[in-house]
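Atoms within each ligand, like the ligands themselves, are counted from 1 in listed order.
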Amino acid sequence: MISKENEREVKILAIESSCDETAAAVVVNGRDMRSNVISSQIALHTLYGGVVPEIASRKHIEKINQVIEQALSDAAVTLDEIDAIGVTYGPGLVGALLVGVAEAKAISYAKNIPLVGVHHIEGHISANYIENPKLKPPFLCLVVSGGHTHLVKVVDYGCYEILGRTRDDAAGEAFDKVARAIGLGYPGGPKIEKVSHEGNPNAILFPRAKIADGEYDFSFSGLKSAVLNYLNGCRMKDIPINQADVAASFQQSVTDVLVEHARHAIREYKMQQFAIAGGVASNGVIRAAMEQMCMEEGVRFFHPSPILCTDNAAMIGAAAYYDFIAGKRAGLDLNAVPNLKLGE
Ligand code: KG4
Ligand code: ZN
């Protein structure tokens, strides 16, 4: 249902704090990004080799007001001009989510602005709307992030059919764990991509997992174990480890699995449009392979720029707009739901 609100400018203030980025943005009509402020905690968590939930929550509290003020000021709007507040309420780290949710509820109550709760994955998918004005459902979307690997049929705005998901590690999690194992540190994805440019993707044949009873499901824990076994084997036999070759070969294995799953779904569901989303979608090798596959299949390919692939609030503003015009509203009893399922 599209109401009259669709005919005028709807300005959404969006807030995202589900993991280690404190972010706020102003998005008009779901597509026009007027500001996008991200305060990243990556440097802080790098000291510990991964995200420390308690530290993340505390840092969100310190930064949240600042990023919201900056987002409003960059967009040259005041709270009085905001039509709705969109906030991520799950999935994610509960303490981190609560900071954004509490802030959004406080502003909604104080300024009497409608509140919209947004699913984080729906946000990642919606990042594609911002830079691709022509993209409209239906389309197939592969969401690959640190916490999720989902192959989703976007049937309509806010309407999703999950075709496949990971059975164990998410794709980004595999990048992070393998990066740690080869001594690259956190966050693994960008570091593996960088060193892989110096390596040979065919140097080591790592497995490409297939799930017998779920043709669109993924599994990355076997690949991670294969990399660890390879490293142990080299160490035991005193064979020097070529970090770049391991990184490039691992990345190629992930890429091949993602591309083949997507190709299969495009054919079976006769999709005309394919999009990628999430932090891992900023990987240039994966992106190029997807583009090539879409060209071969005669399908239009969409992807957000890297800054809109990793966590940000503009994507939450895009998703919130379509929920808002469909009449969805959250009450002041909105709570953080760390295991929120897509479509709930
Ligand atoms: O979407 P995101 O910012 O947060 C979650 O919702 O999880 O994704 C973060 C994940 C991390 O695992 C990170 O290593 C991965 O995305 N990532 C990448 C790249 N940039 C970030 N993985 C592969 N290649 C990259 N260039
Ligand atoms: Zn994310």
Need the ligand 1 atom indices (1-based, order shown) with element for anything under 4.0 Å from a heavy-atom of His120.
6 (O)
Return yes when atom CZ of Arg58 has more than 12 non-hydrogen atoms of other residues, nucleotides or ligands closer than 6.0 Å, and no otherwise.
no
Counting both backbone and side chain atoms, is some N or O of Thr310 under 3.5 Å from an N or O of ligand 1?
no
Against heavy atoms of Ser282, which atoms of ligand 1 measure under 4.0 Å?
19 (C), 20 (N), 25 (C), 26 (N)
The Zn ion (ligand 2) reached by His120 (N, O or S, under 2.8 Å):
yes
I need the single residue from Tyr129, Tyr321, Phe139 that forms a ring-ring contact (aromatic ring centres under 6.0 Å, His included) with Tyr157. Which is it?
Tyr129
Considering Ser145, Cys19, Ser196 one by one, which has a heavy atom nearer to atom 5 (C) of ligand 1 than any of the others?
Ser145
Side chains of Val154 and Leu140 in contact at under 4.5 Å (non-hydrogen atoms):
no
In ligand 1, which numbered atoms sit nearer than 4.0 Å to a non-hydrogen atom of Gly147?
7 (O)
For the Zn ion (ligand 2), find the closest N/O/S atom belonging to His124 and write down its atom name.
NE2
With heavy-atom distances below 4.0 Å as the criterion, list the atoms of ligand 1 near His124.
1 (O), 6 (O)
heavy-atom search around atom 3 (O) of ligand 1 in the protein gives Asp311 N, 3.0 Å
Exercise: do Asp74 and Ser35 side chains pair donor with acceptor under 3.5 Å:
no
Evaluate the side chain to side chain donor-acceptor pair (under 3.5 Å) criterion for residues His261 and Asp217: first the C-alpha distance (whole Å), next the side-chain angles of each, then the deciding distance (0.1 Å), finally the verdict.
CA-CA 8 Å; His261 277 59; Asp217 281 354; over 6 Å; no
Which option, Ser18, Cys309, Gly189, Gly278, owns the non-hydrogen atom nearest atom 23 (C) of ligand 1?
Gly189
Just to verify, which of Phe206, Tyr230, Phe175 counts as forming a ring-ring contact (aromatic ring centres under 6.0 Å, His included) with Phe250?
Phe175
N or O contact, Asn283 vs ligand 1, cut-off under 3.5 Å:
yes
Does any N or O in the side chain of His60 come within less than 3.5 Å of the main-chain N or O of Cys19, such that one atom is a donor and the other an acceptor?
yes
Short list, please: which atoms of ligand 1 are under 4.0 Å from a heavy atom of Glu193?
25 (C), 26 (N)
Mind checking whether the Zn ion (ligand 2) has an N, O or S of Cys19 under 2.8 Å?
no
Carefully, step by step, assess His45 and Tyr186 under the rule ring pair (Phe, Tyr, Trp, His ring centres under 6.0 Å).
CA-CA 8 Å; His45 297 288; Tyr186 176 85; 7.3 Å; no
Return yes or no for this condition: an N or O of Gly146 is under 3.5 Å from an N or O of ligand 1.
yes
For Asp311, what is the atom name of its N, O or S atom nearest to the Zn ion (ligand 2)?
OD1
Considering only protein heavy atoms, which is closest to atom 13 (C) of ligand 1, and at what distance to one decimal place?
Asp176 OD1, 3.8 Å
Hey, are Glu122 and Tyr322 close enough side-chain-wise for a donor-acceptor pair under 3.5 Å?
no
Nearest neighbour of atom 16 (O) of ligand 1 from the list Ala179, Gly50, Gly279, Ala174, on a heavy-atom basis
Gly279
Just checking, any donor-acceptor pair under 3.5 angstrom between side chains of Thr78 and Glu81?
yes
Any chance the side chains of Gln66 and Ser39 put a donor and an acceptor closer than 3.5 Å?
no
For ligand 1 and Gly172, I'd like to know whether there is a polar contact (N/O to N/O, distance under 3.5 Å).
yes
